[in-house]
Amino acid sequence: MESVVWQGLALSGIFSWIVITCYFDVTKKIRSLLQPWVSHHVVSGTSIILKIQKHQHKFLDALFSGLSCIVSVPFYTAFLPLLFWSGHGKLARQMTLLMALCDYLGNCIKDVVSAPRPNCPPVRRITATKDEEENALEYGLPSSHTLNTVCLSGFLVCYVLSYTQCEDAFVKLGAVTLACLLVGFIGFGRIYLGMHSLIDIIGGLVFGFMILAIWLTVHEYVDAFIVSGQNVTSFWAALSFLLLFAYPTPEFPTPSFEYHTAFDGIVFGIVTGIQQTYHQFHHEAVPRIFTSQLTIPTFLGRMLVGIPTILIVKFCSKALAKWILPVVSNTLGIPIKSTSYIPMLNGSATDKKSSEIKQSSYIHKMLFFSQQDLFDVDTGIRFLQYAGLAWSVVDLVPSLFCHLRL
């Protein structure tokens, strides 16, 4: 009963926040206060970037571009399934939840403030990958790479030291030093690449340490709820739905909301799968890599089976969602559009404004249905696509491992 009460209070609190921010236009008021101040520091910080970029070199270009890829969201998305299959399920699910929290809060702050990145030119901007090109379309403050590195490296150090029960002060100091060096290289590299100004890096550090401190306080409670709580799947479904509506509307559209939608789906799929199969595949006594129970060849076999399987599930989930969601929407009389996934719905908007704004204010649509713009069905498709992928990582693929004796 106590669990149901706090779940209801949490969901009611988020819904109340959505209504309040919509009614009082909180996002625009916060933006009007912070955006001029941040923009001023971005402009004044251009000279620092130019001084750093005077020492440009091909080696430094490759080094910092490589580091940016290693700590990017796509890298973590590819790395986390391997962590699940290596037997370290608790670390994998906590890293996934922390990554989603960082992605959501970081992108929320970006789109609330809507502060620009350094002007290019005069700043030289290096985007070595397609992912970096998409990152450049987002707003600047805070630096997501810096924020994510602070949180994930900090949590990983704390987890490993706790797991190994290390009491050696020199080992602890060395681990913390390595984490700090990584954060420092990432932050400096984002300035060197022309992706961020100093104020963005400072913002990433500040918000990163705040989120890390909160997560270190609550992560055990969250994990206990996921593996053994009541109404976990229904609660997380409602939470995921509300978080889509709670996301702030930026000054101009950015890819940030799409990234959040994907991670929102990933977390829902992970939570649903873990809740159903924890005692089968994800308990603390499962075989772990580098032991006689899970050797390197066996783990490589898991990778050869698992990676193609989750890619197939991702494709099938997307195709199924593209077929089901328009049918359901039409049945319920919900007007929809598609900005990229369904060509026949692209440009079907009768409202010119809705065709120009991909990321509109969902709360207005929910509360004032008769006066709404068209719903972008791509949000639902993306959510289900990544939810299916994540579910396969922790449920379908481990079942295949069991049948194949991997």
Side-chain angles (χ1 to χ4, degrees), residues 1-24 26-27 30 80 84 89-109 112 147 151-152 154-155 158-159 162 207-248 260-284 362-363 366-367 379-380 383-384 386-387 390-391 394-395:
M1 184 65 183
E2 182 181 351
S3 177
V4 175
V5 171
W6 76 254
Q7 290 175 31
L9 290 174
L11 296 176
S12 299
I14 295 174
F15 180 79
S16 300
W17 170 251
I18 294 173
V19 175
I20 291 171
T21 55
C22 172
Y23 186 80
F24 292 102
V26 173
T27 298
I30 295 177
L80 290 171
F84 275 107
K90 183 176 181 179
L91 175 61
R93 58 181 176 265
Q94 291 190 346
M95 290 279 281
T96 302
L97 290 169
L98 178 56
M99 184 74 237
L101 180 64
C102 292
D103 182 73
Y104 186 78
L105 294 180
N107 286 339
C108 277
I109 297 169
V112 166
L147 187 154
C151 289
L152 295 173
F155 178 73
C158 292
Y159 182 91
S162 175
F207 289 116
F209 281 114
M210 290 172 60
I211 295 171
L212 177 60
I214 294 171
W215 184 247
L216 290 175
T217 303
V218 304
H219 71 97
E220 291 288 357
Y221 300 102
V222 175
D223 191 66
F225 170 68
I226 290 173
V227 301
S228 60
Q230 298 177 340
N231 308 315
V232 176
T233 301
S234 56
F235 168 77
W236 217 276
L239 177 65
S240 300
F241 179 78
L242 286 176
L243 288 178
L244 290 175
F245 284 91
Y247 193 88
H260 154 64
T261 303
F263 249 103
D264 199 12
I266 287 174
V267 172
F268 179 69
I270 293 293
V271 169
T272 303
I274 292 292
Q275 175 70 13
Q276 294 174 343
T277 63
Y278 175 72
H279 296 289
Q280 292 175 273
F281 307 125
H282 304 289
H283 54 87
E284 291 302 298
Y362 284 87
I363 180 59
M366 183 171 65
L367 297 180
T379 298
F383 178 87
L384 294 177
Y386 283 92
W391 165 81
V394 296
D395 193 336

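It should be emphasised that the depicted structure is a prediction, and the values quoted were computed from it without experimental measurement.
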Check: Can Val232 and Phe225 be said to form a side chain to side chain contact (heavy atoms under 4.5 Å, CB included), step by step?
Finding: CA-CA 7 Å; Val232 176; Phe225 170 68; 3.9 Å; yes
Note to self: For Phe155 and Leu212: C-alpha separation, side-chain torsions, deciding distance, then whether side chain to side chain contact (heavy atoms under 4.5 Å, CB included) applies.
What the structure shows: CA-CA 7 Å; Phe155 178 73; Leu212 177 60; 4.1 Å; yes
Next item on the list: Determine whether the aromatic ring centres of Phe245 and Phe241 lie less than 6.0 Å apart.
Entry: yes
Checklist line | Student check: side-chain heavy atoms of Cys151 and Trp215 closer than 4.5 Å | finding: no
Checklist line | Step-by-step side chain to side chain contact (heavy atoms under 4.5 Å, CB included) determination, Ile226 to Tyr278 | finding: CA-CA 9 Å; Ile226 290 173; Tyr278 175 72; over 6 Å; no
Next item on the list: Measure the spacing between CG of Leu244 and CG of Asp264 and express it to the nearest 0.5 Å.
Entry: 5.0 Å
Check: Do Leu216 and Cys158 come within less than 4.5 Å of each other through their side chains, counting heavy atoms only?
Finding: yes
Item checked: Heavy-atom side-chain proximity of Phe383 to Phe263 below 4.5 angstrom -> no
Notebook entry, point to check: Within the side chain of Ser234, is there an N or O that forms a donor-acceptor pair under 3.5 Å with the backbone of Asn231?
Noted result: yes
Next item on the list: Output, in order, the C-alpha distance, side-chain angles, deciding distance and verdict of side chain to side chain contact (heavy atoms under 4.5 Å, CB included) for Leu11 and Leu242.
Entry: CA-CA 8 Å; Leu11 296 176; Leu242 286 176; 3.9 Å; yes
Checklist line | Student check: side-chain heavy atoms of Leu152 and Met99 closer than 4.5 Å | finding: yes
Next item on the list: Could you list the residues that satisfy side-chain contact (heavy atoms from CB on, under 4.5 Å) with Val112, not counting sequence neighbours?
Entry: Thr27, Ile30, Pro248
Item checked: Straight-line distance of Phe235 CZ to Ser240 OG, nearest 0.5 Å -> 9.0 Å
Notebook entry, point to check: Hey, does Phe207 have a side-chain heavy atom less than 4.5 Å from the side chain of Leu105?
Noted result: no
Margin query: Applying side-chain contact (heavy atoms from CB on, under 4.5 Å), can you list everything that pairs with Leu80, at least two apart in sequence or on another chain?
Written below: Leu83, Met95, Thr96
Notebook entry, point to check: Distance from Ile20 atom CD1 to Phe15 atom CZ, nearest 0.5 Å?
Noted result: 10.5 Å
Check: Closest approach of Trp17 and Val26, non-hydrogen atoms and distance?
Finding: CH2-CG1, 4.3 Å
Note to self: Quick check: closest heavy atoms across Ser12 and Gly8, and the distance to 0.1 Å?
What the structure shows: OG-O, 2.7 Å
Notebook entry, point to check: Parallel, tilted or perpendicular: which describes the rings of Tyr247 and His260, with under 30° parallel and over 60° perpendicular?
Noted result: parallel
Check: With side chains defined as the heavy atoms from C-beta onward, is the minimum distance between Ile274 and Phe84 less than 4.5 Å?
Finding: yes
Next item on the list: Output yes when a side-chain donor or acceptor of Asp395 lies under 3.5 Å from a complementary backbone atom of Trp391, and no otherwise.
Entry: no
Next item on the list: Can you measure from OH (Tyr104) to CD1 (Ile109) and round to the nearest 0.5 angstrom?
Entry: 11.5 Å
Check: Hey, would you say the Tyr386 and Phe268 ring centroids sit under 6.0 Å apart?
Finding: no
Check: Going by heavy atoms in the side chains, are Arg93 and Val227 under 4.5 Å from each other?
Finding: yes
Check: So, Thr21 side chain and Ile18 main chain: donor-acceptor pair closer than 3.5 Å or not?
Finding: yes
Next item on the list: Find the distance between OG (Ser16) and CG (Leu9) and round it off to the nearest 0.5 Å.
Entry: 10.0 Å
Check: With no hydrogens and no angle check, is any side-chain donor or acceptor of His219 less than 3.5 Å from a backbone partner on Gln94?
Finding: no
Notebook entry, point to check: Do Leu147 and Ile211 come close enough that some side-chain heavy atom pair is under 4.5 Å?
Noted result: yes
